[in-house]
Amino acid sequence: MKCPHCSQHVSVFSRSINKFGSMQLCPKCNQPVKTYLSLKWAAILFIPVFVSLQAIKLLFINGGFSSSLATGFACGLLVVLSMRLKVPDDATRS
């Protein structure tokens, strides 16, 4: 993900991005940001994730796990890869 203010790369696992309840800040420039799910990127990544799901299902089934768990894993991967940052609505008014 890239910060909309400073265009620096921000990790999905960054502490400042994964805070719940408080305002999220870019760890590089300390400006307010908001995470959202980009439907455009979700649509672009749908086919590659679906194709990789078939291989993941084989690994999960051979490992003794449910194929439903593999589907959940693939859906979670799709959501994480589709996450983006934007400027919060209340920050643009001031």
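Bear in mind the structure is a predicted one, so any value in this text is a computation, not a measurement.
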Quiz: residues 42-49 side-chain donor-acceptor pairs under 3.5 angstrom, not counting sequence neighbours:
none

Can you give the donor-acceptor pairs under 3.5 Å from side chains of residues 53-78 to other protein atoms, not counting sequence neighbours?
residue: Asn62; atom: ND2; partner: Leu58; partner atom: O; Å: 3.2
residue: Ser66; atom: OG; partner: Ser68; partner atom: N; Å: 3.1
residue: Thr71; atom: OG1; partner: Ser67; partner atom: O; Å: 3.2

field: side chain to side chain donor-acceptor pair (under 3.5 Å): pairs with one or both residues in residues 8-18, sequence neighbours excluded
entry: Ser14-Ser16
- line: All heavy atoms of Val79 vs all of Leu37, minimum pair found to be O-CD1, 3.8 Å
- prompt: Do Val10 and Pro27 come within less than 4.5 Å of each other through their side chains, counting heavy atoms only?
  reply: yes
- request: May I ask you to check whether over 12 heavy atoms, not counting those of Tyr36, lie within 6.0 Å of atom OH?
  value: yes
- prompt: To the nearest 0.5 Å, what is the distance between CD (Gln24) and CD1 (Ile17)?
  reply: 5.5 Å
message: I'd like to know whether Val12 forms a side chain to side chain contact (heavy atoms under 4.5 Å, CB included) with Met1, so could you lay out the CA-CA distance, the side-chain angles of the two residues, the decisive distance to 0.1 Å, and finally the verdict.
response: CA-CA 7 Å; Val12 174; Met1 295 188 294; 4.2 Å; yes
task: Might you point out which heavy atoms bring Lys28 and Cys6 nearest each other, and give the distance in Å?
output: CB-SG, 4.1 Å
task: Identify the heavy atoms of Val33 and Cys26 that sit nearest to each other, and give their distance.
output: CG2-N, 3.9 Å
- prompt: Is Gln31 reaching over with its side chain to a backbone N or O of His5, donor-acceptor style, under 3.5 angstrom?
  reply: no
task: Look at the side-chain heavy atoms of Ile, Leu, Val, Met, Phe, Trp and Tyr, link any pair under 4.5 Å apart, and say whether Met83 and Leu85 land in one connected group.
output: yes
